[in-house]
Amino acid sequence: MTGFSARRGEGFGYGWAWEIRSVNGKGLDLRLRLPDWVEGLEPAVRAAVARVASRGNITLSLKLARDGGGEALRVNPAGLDAALAALALVRAKSEAAGLPVADPTAVEILALRGVTDLGGEADDTGPLRDALLADLPPLLDDFAAVRAAEGAALAGVIESRIDRIEALTDEAATAAEARRPEMERALSDNLARVMAGAAEADPARVAQELALLVVKADVSEEIDRLIAHVAAARALLTEPGAVGRKLDFLMQEFMREANTLCSKSGNAGLTRIGLDLKTVIDQMREQVQNVE
């Protein structure tokens, strides 16, 4: 389910900006972009997000900077020594191979990875971490409210699809009953042809085969299951908490019954209804992907 929220705060000499956004996803894929020098921040943030969301591709980022003009630039002595050693090795290897190398500028050396640190991290980040985490619940509340509003609108769309599936199921039940005389005539004609062409046929065996044909053509079980699935879908829409995965599974069951209905129909009208059912179920399945 899609959602977005942003929040700014400041304290302990820092200013920060939270941002969280989500798009649809089958499971929970949480991606955090947090400053790694604030100890204990990531596990606390991950747990807080998991309490308000169980589905979706969610990205949460935190931009942190010192007050008064942005992040401070600090040289990392160990990183600088490593960079200079690497540059010396490259120069020696290049000259030995007859390839002259230009001297790097100070700006180019500073741009090497690990030479500088941004942020001027404090030794004790506990107070800053606590302030950041205290600012997180309002952000997540806004995020959850946006997703809840979208969910409420989506519930109406899904409800309309359920209504359509229910109406088509009723049509299928009517069509199945209407085709009964046609099926009986077809079976009688087939029986007469079989008996006329095989005088020595075992009547018990013939009766058994005809009974199997009747069972294979009977769609009452599929219609009963569709009716039950409609009731289950309506119940899920009123159930508190996350129901997206349950609706996903129910969509598979809906489609299974619609496929079986089409394969057993033996009637153009009933086949058309089965195809319409499959179309509506597929439309509903796409919407269910957005449900938490």
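Because the structure is predicted, anything quoted here is derived from the model rather than measured.
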task: List the steps and the verdict of side-chain contact (heavy atoms from CB on, under 4.5 Å) for Ile109 and Leu80.
output: CA-CA 8 Å; Ile109 294 175; Leu80 178 59; 3.8 Å; yes
Start with the C-alpha gap between Met284 and Met255, add the side-chain angles, then the distance that decides, and say whether side-chain contact (heavy atoms from CB on, under 4.5 Å) holds. CA-CA 11 Å; Met284 184 174 167; Met255 189 60 76; over 6 Å; no
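- At a threshold of 4.5 Å between non-hydrogen side-chain atoms, the residues Val157 and Gln283 do not count as touching.
- Ion pairing of Asp141 with Arg7 is absent here, as no side-chain N (NZ or NE/NH1/NH2) approaches a carboxylate O to less than 4.0 Å.
- Atoms CD and CG, from Glu42 and Leu32 in turn, are 5.5 Å apart once rounded to the nearest 0.5 Å.
- Residues Pro104 and Arg91 approach most closely at CD-NH2, 4.4 Å, considering heavy atoms.
- We find the CH2-CG distance between Trp18 and Leu132 to be 5.5 Å, quoted to the nearest 0.5 Å.
- A heavy-atom distance below 4.5 Å is not found between the side chains of Glu286 and Met251.
- Atom CD in Glu221 sits 12.0 Å away from atom CG in Leu261 (nearest 0.5 Å).
- Rounding to the nearest 0.5 Å places CZ of Arg147 at 13.5 Å from CG of Asp142.
- Clustering ILVMFWY residues whenever any of their side-chain heavy atoms sit less than 4.5 angstrom apart, transitively, puts Leu84 in the very cluster that holds Leu112.
- Between the Thr174 side chain and the Asp170 main chain, a donor and an acceptor come within less than 3.5 Å of each other.
- Closest heavy-atom contact between Ala175 and Ile273: CB-CD1, 3.9 Å.
- Salt-bridge check for Asp29 with Arg31: passed, with a basic side-chain N closer than 4.0 Å to an acidic carboxylate O.
- Looking at Arg33 and Thr59, their side chains never bring a donor and an acceptor atom within 3.5 Å of each other.
- Ring geometry for His229 against Phe254 counts as perpendicular: the plane angle is over 60°, on a 0 to 90° scale with 30° as the lower cut.
- With Gln252 contributing its side chain and Phe249 its backbone, the two residues share no donor-acceptor pair below 3.5 Å.
- Checking side-chain atoms of Ser94 against main-chain N and O of Pro100 turns up no donor-acceptor pair under 3.5 Å.
- Nearest approach of Gly274 to Ala258, heavy atoms of both residues: O-CB, 4.4 Å.
- Counting only distance, with no hydrogens or angles, the side chain of Ser22 and the backbone of Gly3 share a donor-acceptor pair below 3.5 Å.
- Pairing each heavy atom of Val243 with each of Leu236, the nearest pair is CG1-O, 3.7 Å.
- Heavy-atom minimum distance, Trp16 versus Gly11: CZ3-N, 3.4 Å.
- In this structure, Leu34 CG and Arg129 CZ are separated by 13.0 Å, a value rounded to the nearest 0.5 Å.
- Using a 4.5 Å heavy-atom cutoff, the side chains of Thr279 and Leu275 are not in contact.
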*asked:* Working note: Glu95 + Val101, criterion side-chain contact (heavy atoms from CB on, under 4.5 Å); need CA distance, chi angles, decisive distance, verdict.
replied: CA-CA 7 Å; Glu95 290 177 351; Val101 177; 5.8 Å; no
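- Between Glu253 and Arg256 a salt bridge is recorded (basic side-chain N to carboxylate O distance below 4.0 Å).
- You'll find the side chain of Ile158 reaches within 4.5 Å of the side chain of Val291, heavy atoms only.
- The minimum heavy-atom distance linking Phe143 with Phe4 is given by the pair CD1-N, 3.9 Å.
- To the nearest 0.5 angstrom, Ile281 atom CD1 is 12.0 Å from Arg161 atom CZ.
- Exactly one residue among Leu62, Leu136, Asp36, Leu64 makes a side chain to side chain contact (heavy atoms under 4.5 Å, CB included) with Leu41. That residue is Leu62.
- Taking 4.5 Å as the limit, every side-chain heavy atom of Ser5 sits out of range of all side-chain heavy atoms of Val146.
- A salt bridge does not link Lys278 to Asp282: none of the charged side-chain nitrogens sits closer than 4.0 Å to a carboxylate oxygen.
- At distances below 3.5 Å, at least one donor-acceptor pair connects side-chain atoms of Thr105 with backbone N or O atoms of Glu108.
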Quick one: do Arg234 and Asp163 satisfy salt bridge (charged side-chain N to carboxylate O under 4.0 Å, His left out)? Show the steps, please.
CA-CA 10 Å; Arg234 293 196 193 282; Asp163 290 343; 2.9 Å; yes
(Q) Between Leu277 and Leu226, does the side-chain contact (heavy atoms from CB on, under 4.5 Å) criterion hold? Intermediate values first, please. (A) CA-CA 10 Å; Leu277 267 171; Leu226 284 169; 3.9 Å; yes
